[in-house]
Amino acid sequence: VQLQASGGGLVQVGGSLRLSCVGSGRTFSGYVMGWFRQAPGKEREFVATISWAGSRKYHADSVKGRFTISRDNAKNTVYLQMNSLKPEDTAVYYCAANTASVSGAVSFRDYEYDYWGQGTQVTVSS
């Protein structure tokens with residue numbers, strides 16, 4: 001499984017970005033997908049997760065109401081819509097796939113994911 005994340009960039013406070021992550025493989029619809037982020041000098045943290053069919057999705061408290069995870073299995077793509085961006089959202093954002101999941105599950109811990117994308121930088125300037 002290969003994951004390719006894109007969509008990062010430099011944006012002003014209050015702005016928006018949409019991250020995309022395209023996955024390889026015919027069974028993308030059978031993976032739980034997640035987004036994590038890592039700011040300089042900090043641990044990687046959970047941002048959002050979504051179940052196989054997208055019926056269940058969860059967001060970290062720090063982004064709830066501002067970020068939305070979604071997926072399009074026909075395009076093997078998971079998205080992270082980020083609105084009302086803040087300087088503290090500045091980080092490298094990673095998408096990840098849990099290929100050992102079951103239908104209806106979601107995954108919150110990074111050790112549950114077995115494939116990771118290369119990361120895309122998001123910088124929010126004030």
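Source: prediction; values computed, not measured. Along the sequence shown, residues are numbered consecutively beginning with 1. Atom set for the values below is all heavy atoms of this structure, side chains included, hydrogens, waters and symmetry mates excluded.
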Exercise for the section: Just grab all the ring-ring contact (aromatic ring centres under 6.0 Å, His included) pairs involving residues 49-102, residues at least two apart or on different chains. Expected result: Tyr58-Phe108
Practice task
Check side chain to side chain contact (heavy atoms under 4.5 Å, CB included) between Ala53 and all other residues, then give those that pass, not counting sequence neighbours.
Solution key: none
Problem - Partner set under side chain to side chain donor-acceptor pair (under 3.5 Å) for Ser103, not counting sequence neighbours - result: none
Problem - With Glu45 via side chain to side chain donor-acceptor pair (under 3.5 Å) - residues at least two apart - result: Arg37
Completion exercise
By side chain to side chain donor-acceptor pair (under 3.5 Å), Lys75 pairs with (sequence neighbours left out) none
Exercise for the section: Could you work out the complete set of other residues in the hydrophobic cluster of Tyr111, with links drawn between I, L, V, M, F, W and Y side chains under 4.5 Å apart? Expected result: none
Exercise for the section: Tell me, please, which residues at least two apart from Asn98 pass side chain to side chain donor-acceptor pair (under 3.5 Å). Expected result: Ser107
Problem - Residues forming a side chain to side chain contact (heavy atoms under 4.5 Å, CB included) with Gln4, sequence neighbours excluded - result: Gln118
Completion exercise
For residues 103-126, the salt bridge (Lys or Arg N to Asp or Glu O under 4.0 Å) pairs (sequence neighbours left out) are Arg44-Asp110
Completion exercise
By side chain to side chain contact (heavy atoms under 4.5 Å, CB included), Asn73 pairs with (sequence neighbours left out) Phe28, Ser29, Arg71
Practice task
For Phe36, enumerate each residue passing the ring-ring contact (aromatic ring centres under 6.0 Å, His included) test, keeping only those at least two apart in sequence or located in another chain.
Solution key: Phe46, Tyr113, Trp116
Listed pairs under 3.5 Å, donor-acceptor, residues 6-25 side chains, sequence neighbours left out:
residue: Ser16; atom: OG; partner: Asn83; partner atom: OD1; Å: 2.9
residue: Ser24; atom: OG; partner: Gln2; partner atom: N; Å: 2.7

